[in-house]
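Data first, discussion second: the structure below is written as structure tokens.
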Amino acid sequence: MGDLGALFLRAMFAENMPLTYFLGLCTFLALSRRTDTAFGLGVAVIVVMGVTVPLNQLIYSAVLAPGAWDWAGMPDVDLSYLSLLTFIGVVAASVQLLEMVLERFLPGVQAAFGAFLPLLAIHCAILGGSLFMVERRYDLSEAAVYGLGSGAGFALAVVMLGAIRTRLAHADLPAGLRGLGIAFLLAGMMSLGFSSFAQMAAQ
Amino acid sequence: MADLNPLSLWRRFLATPNDSRVKTLVVAFLVSAVCAIAVTGATVWLRPIQAQNRAVEQQAKLEALISAVPGMSELIEDAGGEALTTVVIDLDDGAASPSVTPETLEAALADPSNWTTLAAGDDIAGIGNRPNYAQIYLLRNGDKVSLAILPVAGTGYGGRIQALLALRGDMRTLAGIAITEQSETPGLGARISEPLWQRSFAGKQLSDDTGAQRFAVARGPGRTEYEVDGITGATRTSNAITQMIRFWTGPNGYGPLMAAIRRGDF
Amino acid sequence: MSGAGNLWAILTTPIIRQNPVTLQILGICSALAVTTSLDTALTLAISLTLVVVVSAGIVSVIRRHIPNAIRLIVQIIIVASLVIVVDQVLQAYFFELSQRLSVFVSLIATNCIVLGRTESFARSNPPVPAMVDALGSGLGYGLVLVLVGACRELFGTGRLLGWQVLPLADQGGWFTPLSLMLLAPSAFFLLGGLVWMVRSIWSEQAEAPDFPPHATGEDR
């Protein structure tokens, strides 16, 4: 469906999690020194977001949304104020489950990406994805596409930053700018570039 | 020694090693219970105040629109000095909703099944989905509706645009517009919030005699009775306003309602 | 060292020397999105400080009885519940502000600073030092937010907290606002500049180069 494709591209480029909404910056800046760690983080984020956003959508519409308990004869029950706690719980549990599944069935993958999973248990971008999904009232397929798209956007941004910073490691920067300072300035320039995608999406 | 028992039980529990199964379970349970009570208590206690805030905010926006629409005071006098009435309508039916009232509207709209997802071809305002219920305001002159104020929404350059659109009783002439929410570029697109520009909407026509939609925010000065002056340097915002108004006055927005008012069913 | 002197050190260290944002790269996410104006920046800073102080206090009070296996999840539950309560209070008493802050209040629950302080300090210290340390971290974070927020609002619109400080050119004054300040990238640039300034003055915070430049024969 064309709309899902457009949603994917919008989530990946025009509404890029770290560069437009400033979500997930701690890991974005801390793990982008080298391209291989950046890539590992990116893949982990795609998988976790692709799993948790649709899962949270199911739980929200089945249990937490106002009117969700209509079938049990309690249409006035509105548990949406518990969504934050529930989403955090779901993300933490999914990360734990993923780690166990990887360890059991794909130990090679676990060795490459496993170290990043615990970091994602309370990751702003991953939680933010679920919170935006609720705010925009996505259904299940849209939630899945949105999760994958946002994760892909995060991966793209962090790998790009990693590539640039790998090069900059050889540059002679002023002492105060090394590391975090230049990473902020680079992220700012990337954010400027990505805002042009937002303009295209507005069409 | 009855009162010593629970106390000593508690002290003994605290003394058990942290990693014992019993302690883990009890601590987990206690923490969850206390947190759940705190959260639920705060929510239940504060919910009425929050609902009141939303009502006050809506009222303030409405008053702003009323004062912004030119000739509003004359209109109210013509209608015998009656105040605006409000009703929640079902957009698909174009009639007052039998089940949803202004008080229950917010809860109804928090349920995703009360929203319609728009197909790409229909979604000219870029909003993705559209609520099935909306709270509108009507000014009556005897039996007929002389003014309708409709909440509309669209997507601008910087984010969501929300506005209240005022239509005269013929459902073709605009009476005014009030922008209630926007995140456009200050000095450019954000000028849609300026009263001067909003006043230029008064008297503009939405559609021609064949019923085709003709309203637009022009590029440059508006030349016909269907066009409003554009904002220099804010083409995308101007287009967003055009698309927003066309969507909501079209078949997927308030079209059925406007037809019903024109027929006199309201 | 007297107890009070020690507490003062605990309070002030995170403000500059160990600032969570500029040195420890913690809690940045929300720091940028809400700094378009000073009032939202202040509100978020105060909310976060409140949450981190109270949660540090609670975790410290029960610190001797938290089983290791559920340590993290207990802290997360306490923090998230506090955040929900703060969010509800904001929606009730500061409605317009809470609309502008939207999901970022909820995201305090994942803010690295809060969990960082409960995990590293509050879990092994008595309540008063733990809360003072949390207060220091909150103030350090708040300082960065207020600086960036003030810059962005002042140069982006000429206003501070809603008061028109610099008269706008199209209202008869001389100041033409820098619209870039209201867009996302400016926050990155401002933070980068702030980090550069802090690390130039307190040079012990600067990072060592990964690959020291070769001696080229010129005098440096």
Side-chain angles (χ1 to χ4, degrees), chain B residues 10-11 13-58 60-61 106 157-160 162 180-181 183-191 194 233-234, chain C residues 36-37 54-55 58-59 61-100 102 109 123 152-153 155-159 168-171 175-184:
Chain B
W10 179 246
R11 275 205 207 99
F13 165 72
L14 286 182
T16 46
N18 277 348
D19 288 319
S20 74
R21 198 166 293 175
V22 168
K23 189 150 193 199
T24 309
L25 280 173
V26 174
V27 168
F29 178 73
L30 276 178
V31 169
S32 313
V34 170
C35 288
I37 293 175
V39 165
T40 313
T43 310
V44 165
W45 182 36
L46 292 172
R47 199 157 265 185
I49 307 181
Q50 293 168 2
Q52 209 175 21
N53 278 338
R54 270 180 266 273
V56 166
E57 192 202 8
Q58 194 64 9
K61 283 184 204 167
E106 195 201 325
Y157 171 62
R160 201 166 171 75
Q162 278 182 319
T180 52
E181 189 191 304
S183 344
E184 304 304 288
T185 315
L188 297 173
R191 298 185 64 189
E194 285 174 15
Chain C
T36 43
S37 64
V54 175
S55 55
I58 297 178
V59 169
V61 162
I62 62 171
R63 72 185 182 284
R64 285 188 230 277
H65 303 288
I66 309 178
N68 218 21
I70 55 169
R71 184 181 88 235
L72 268 176
I73 205 76
V74 163
Q75 291 174 36
I76 293 178
I77 294 182
I78 294 175
V79 172
S81 310
L82 270 170
V83 166
I84 298 182
V85 170
V86 168
D87 190 23
Q88 298 288 358
V89 169
L90 274 179
Q91 278 186 46
Y93 295 110
F94 298 100
F95 186 64
E96 200 244 322
L97 267 177
S98 80
Q99 294 291 78
R100 283 154 65 196
S102 77
R123 236 176 13 106
R152 288 181 80 187
E153 192 181 2
F155 295 118
T157 61
R159 287 196 287 268
L168 291 177
D170 51 5
Q171 286 173 7
F175 180 67
T176 313
L178 296 160
S179 302
L180 177 64
M181 286 288 160
L182 295 166
L183 299 177

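To find a chain, count down the sequence lines: A is the first, B the second, and so on, and within it residues start at 1. Note that these values count all heavy atoms, side chains included, but never hydrogens, waters or copies made by symmetry.
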Inter-residue atom distance [X].[atom1] - [Y].[atom2], 0.5 Å rounding:
{"X": "Arg159(C)", "Y": "Glu153(C)", "atom1": "CZ", "atom2": "CD", "value": "7.0 Å"}
{"X": "Arg47(B)", "Y": "Gln91(C)", "atom1": "CZ", "atom2": "CD", "value": "9.5 Å"}
{"X": "Asp87(C)", "Y": "Leu82(C)", "atom1": "CG", "atom2": "CG", "value": "12.0 Å"}

> In this structure, which one of Val26(B), Val27(B), Val22(B) forms a side chain to side chain contact (heavy atoms under 4.5 Å, CB included) with Pro67(C)?
Replying inline: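 Exactly one option meets the side chain to side chain contact (heavy atoms under 4.5 Å, CB included) with Pro67(C), and it is Val27(B).
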> Given a strict heavy-atom distance threshold of 4.5 Å, which part of Ile66(C) is in contact with chain B: side chain, backbone, both, or neither?
Replying inline: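 Backbone only.
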>> What part of Ile78(C) gets within 4.5 angstrom of chain B, counting heavy atoms only: side chain, backbone, both, or neither?
In response: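 When you check distances to chain B, atoms from both the backbone and side chain of Ile78(C) fall under 4.5 Å.
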> Who wins among Val34(B), Val39(B), Val31(B) for the most heavy-atom pairs under 4.5 Å with chain C?
Replying inline: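 Most pairs with chain C among the choices: Val39(B).
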